[in-house]
Asks: 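So that we are looking at the same thing, I have put the structure below in structure tokens.
Note that this is a predicted model, so its numbers are computed, not measured.
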Amino acid sequence: MYEDLQRQEAARKTVPIEELEEKALVSLAKEGNSTPSKNEQDHAFLLQLLFWFKQSFRWVNAPPCDGCGKETVFHGMADALPSEIRYGASRVEIYRCNFCPIGSRFPRYNDPLKLVETRRGRCGEWANCFTLYCRAFGYESRLILDFTDHVWTECFSQSLGRWMHLDPCEGVYDKPLLYESGWNKKLNYVIGIAKDGVCDVTKRYTRKWHEVISRRNIITEPALSAVLANVTKDCRRGFTSQVLSVLEDRDEKERQELESSLHSTDNASTSLPGRRSGDKEWRKSRLECGSDESCSLSGSSCPVRACVDKHVTEIHNAFLPILSHFVKEKYPKSRAVEVLETLKGILVDLKKSPFKTRRATINSVSQSLVHQLLPSFTELLNALSMSGKADADGRFDISLAGNAVKTSLALPVALDALDDTINNLNICDNFVEDSLCLPLLKLNRIHSGSVLASGEEIPFGIAMSAFDGLRTSKWEEPNGARGCWIKYKVSDNLMHELVAYEIMSANDAPERDPMDWVVEGSNDGESSWHLLDKQTSQIFDSRFQRKTFKISCQGFLSNVFRFRFLTVRDVLSTSRLQLGSIDLYSRSS
């Protein structure tokens, strides 16, 4: 069924392909890879496909009532109807509604075509359907059957040169020890099933082979190898000698990889979570919650990450000519806000347009405004890798002027910066030239350094997210509530005098907001640290609230800055610290 072209086409039609392509390219650009190879693009797209599927498919504990939509309780099993058998539903669960007589049926469909339509189920349906999606986009894929009752997917990554674990239920990739180390599973057989054969991949998923092999008592090991080899030989009947040679070479490399993985050392700095999909009581009954039920995929020893954020600084700098024009022309505050709202609407239209051909045409209401303000907007358009020009009919078109991915990277930053500028204008008491400073105008932002932290959430709360200029991202330290740190090292070891910094609260969980911290600088390779600022009892009143802090001590030059966060807002209710962003501002040269 995975190889059926009609099923593949049906799956592809449900995917926002261009959106995922854009996200894949942006994710690579954030890592500093602006010219990725085809294999790197394919790898990044596969990860975005996984994240999209995790959000678009629904886990079923008990389905809602077909009549009233309220909660139901399990009532037993029933025979499948012909319409259900047609899509491979040999089992049907019946659920009784406590509020109406209708209840619901939950057929356990096995045909991935039907699952593309229903978009719901448990791990069997999730892995079944996701594997079809992987095949629909040309990835060599396996359905992985764990005999201790779980199913997931593997795809061959040309970028990595090996098979990669992907669990759509958990939204986790390339973490094969998730089940043994995170869920505390007692594995026995893990079998990969693909169009060109089946193989025993258990050794990829364990570091306790001596324990696992004691539980493998269905068949002798030589007999198991023979059975799988015979099935694989049957699957490959009719393949050309060239194809067989490629597959056999890859099989041998995988055998060597699986053997060597048994002797590799666990990465103790990466914490693997217990199971997160499914009802909590159900997970407990299966003993899959792990040692720490609140645990998530996190790293206690982060790599040094480069900050690709020059565009953030360029966007903030681009507001100088705009705001200066407003002041020079004596715009009242309300008029300035109105103009910025109009600009925001234009950028929103640009963001909605296809990223490879992004463009917007200014309507007649805004034309005179744009022509009047165009010189002051030019720097912002340049920062977005865009340009604007009037056509013969007097309309004003904005279109790409450079790398489309750079525009995709910069547009969300510009929109967030616009929102922040509008908010600061609204609360500005006196909009005059003297007000063109922090927090309204954010000049001399330090950029393009590297960041290292005491810990981070993987993949959506990494330390680099603190400096990417986006509200949609955050740095999250899973064990940071009672103390953690993050360091920013300036590029090329250039020395800066820090005159101010800003911290923005993250999107949720105010109990995780930083409350007490110190800021330090070093100029001797981190041998010693100079205290630059100290804050206590800071409270963020809202989400995405940005607070500005001026540095009182002057004259100290640093090329590394360290934030030591001492406690969060409610240390009794969380182990985590999170923040939306940190921005550092130096004295102008």
Side-chain angles (χ1 to χ4, degrees), residues 309-347 366 368-384 386 388 410-448 467-471 496-505 519 532-533 542 544-555 561 580-589:
D309 63 336
K310 183 180 179 182
H311 61 286
V312 181
T313 299
E314 290 174 343
I315 286 167
H316 285 314
N317 290 345
F319 280 90
L320 174 59
I322 296 172
L323 296 177
S324 296
H325 178 84
F326 293 165
V327 169
K328 180 182 177 182
E329 298 299 322
K330 295 185 171 53
Y331 276 37
K333 186 169 68 174
S334 59
R335 175 60 173 156
V337 168
E338 179 188 351
V339 172
L340 292 179
E341 290 284 6
T342 301
L343 177 59
K344 178 182 173 182
I346 295 169
L347 296 189
S366 306
S368 60
L369 174 68
V370 170
H371 283 292
Q372 182 182 356
L373 298 175
L374 180 60
S376 62
F377 286 160
T378 300
E379 189 172 333
L380 180 59
L381 289 176
N382 290 340
L384 295 173
M386 306 202 78
L411 261 176
V413 176
L415 283 166
D416 287 350
L418 262 174
D419 277 340
D420 195 49
T421 303
I422 290 168
N423 179 63
N424 284 324
L425 257 180
N426 279 322
I427 61 177
C428 181
D429 291 330
N430 190 18
F431 182 42
V432 293
E433 189 170 355
D434 287 346
S435 63
L436 298 184
C437 60
L438 280 168
L440 180 59
L441 193 57
K442 306 175 191 301
L443 300 178
N444 302 311
R445 178 184 176 276
I446 301 172
H447 62 84
S448 304
F467 300 93
D468 65 7
L470 292 171
R471 290 182 178 179
H496 289 270
E497 180 187 349
L498 191 71
V499 294
Y501 64 93
E502 292 186 312
I503 293 181
M504 184 178 72
S505 59
V519 184
L532 300 175
D533 190 45
S542 58
F544 307 121
Q545 180 184 358
R546 190 182 293 273
K547 287 195 169 195
T548 305
F549 302 93
K550 302 286 180 69
I551 301 298
S552 55
C553 68
Q554 296 183 0
F561 300 98
S581 68
I582 299 173
D583 292 284
L584 306 170
Y585 302 98
S586 68
R587 187 174 302 282
S588 59
S589 54

Asks: Please determine whether side chain to side chain contact (heavy atoms under 4.5 Å, CB included) holds for the pair His447 and Val312, giving the CA-CA distance in whole Å, both sets of side-chain angles, and the decisive distance to 0.1 Å.
Replies: CA-CA 8 Å; His447 62 84; Val312 181; over 6 Å; no

Asks: I'd like to know if the side chain of Lys344 and the backbone of Leu418 have a donor-acceptor N/O pair within less than 3.5 Å.
Replies: no

Asks: Which pair of heavy atoms, one from Gly388 and one from Leu381, lies closest together, and at what distance?
Replies: N-CD1, 4.0 Å

Asks: Nearest 0.5 angstrom please: Leu320 CG to Ser376 OG, how far?
Replies: 10.5 Å

Asks: Tell me, do Pro375 and His325 make a side-chain contact under 4.5 Å, heavy atoms counted?
Replies: no

Asks: Is any NZ, NE, NH1 or NH2 atom of the basic residue among Asp583 and Lys442 found under 4.0 Å from an Asp or Glu carboxylate oxygen of the other?
Replies: no

Asks: Is it true that a side-chain atom of Asn424 and a backbone atom of Asp420 form a donor plus acceptor pair closer than 3.5 Å?
Replies: yes

Asks: Just by modelled atom types, is the Phe431 backbone N or O under 3.5 Å from a matching donor or acceptor in the Ser435 side chain?
Replies: no

Asks: Return yes if some donor-acceptor pair links the side-chain N/O of Asn426 with the main-chain N/O of Ile422 below 3.5 Å, else return no.
Replies: yes

Asks: Between Tyr331 and Phe326, what is the ring plane arrangement, given parallel below 30°, perpendicular above 60°, and tilted in between?
Replies: parallel

Asks: If I take atom CG from residue Leu340 and atom CZ from residue Arg335, how far apart are they, to the nearest 0.5 angstrom?
Replies: 10.5 Å

Asks: At what distance, to the nearest 0.5 angstrom, does CG of Asp429 lie from NZ of Lys333?
Replies: 7.0 Å

Asks: State the CG-CD1 distance between Leu343 and Ile322, to the nearest 0.5 angstrom.
Replies: 6.0 Å

Asks: Would you check if Leu411 and Leu384 make a side-chain contact, meaning some heavy-atom pair closer than 4.5 Å?
Replies: yes

Asks: State, with a plain yes or no, whether a side-chain heavy atom of Val499 is found less than 4.5 Å away from one of Leu438.
Replies: no

Asks: Check whether any side-chain N or O of Ser505 sits under 3.5 Å from a backbone N or O of Phe544 as a donor-acceptor pair, and report yes or no.
Replies: yes

Asks: Ignoring hydrogens and angles, tell me if any N or O in the side chain of Glu502 forms a donor-acceptor pair with the backbone of Thr548 under 3.5 Å.
Replies: no

Asks: Minimum heavy-atom separation for Ala500 and Lys550, please, with both atom names.
Replies: CB-CD, 4.1 Å

Asks: Nearest 0.5 Å please: distance from the CG atom of Leu532 over to the CG atom of Leu584.
Replies: 10.0 Å

Asks: Do Val519 and Leu498 make a side-chain contact, defined as non-hydrogen atoms from C-beta onward lying under 4.5 Å apart?
Replies: yes

Asks: Mind listing the closest non-hydrogen atom pair of Ala410 and His311 along with its distance?
Replies: CA-CD2, 3.9 Å

Asks: Please walk me through it: do Phe467 and Ile582 pass side chain to side chain contact (heavy atoms under 4.5 Å, CB included)?
Replies: CA-CA 6 Å; Phe467 300 93; Ile582 299 173; 3.8 Å; yes

Asks: Of the non-hydrogen atoms in Asn444 and Asn317, which two are nearest, and what is the gap between them?
Replies: N-OD1, 3.8 Å

Asks: Gly469 and Asp416: which non-hydrogen atoms are nearest, and at how many Å?
Replies: O-OD2, 4.0 Å

Asks: Do Ser448 and Asp309 pass the side chain to side chain contact (heavy atoms under 4.5 Å, CB included) test, and can you show the C-alpha distance, the side-chain angles, and the key distance before you say yes or no?
Replies: CA-CA 6 Å; Ser448 304; Asp309 63 336; 4.2 Å; yes

Asks: Give a yes or no on whether Lys310 atom NZ has more than 12 heavy-atom contacts from other residues, nucleotides or ligands under 6.0 Å away.
Replies: no

Asks: Just how far is it from atom CD of Glu433 to atom NZ of Lys328, taken to the nearest 0.5 Å?
Replies: 11.0 Å

Asks: Please work out which of the three classes, parallel, tilted or perpendicular, describes the rings of Tyr501 and Phe549, given edges at 30° and 60°.
Replies: parallel

Asks: Testing the basics here: between Arg546 and Ser581, what is the closest heavy-atom pair and its distance to 0.1 Å?
Replies: NH1-OG, 3.7 Å

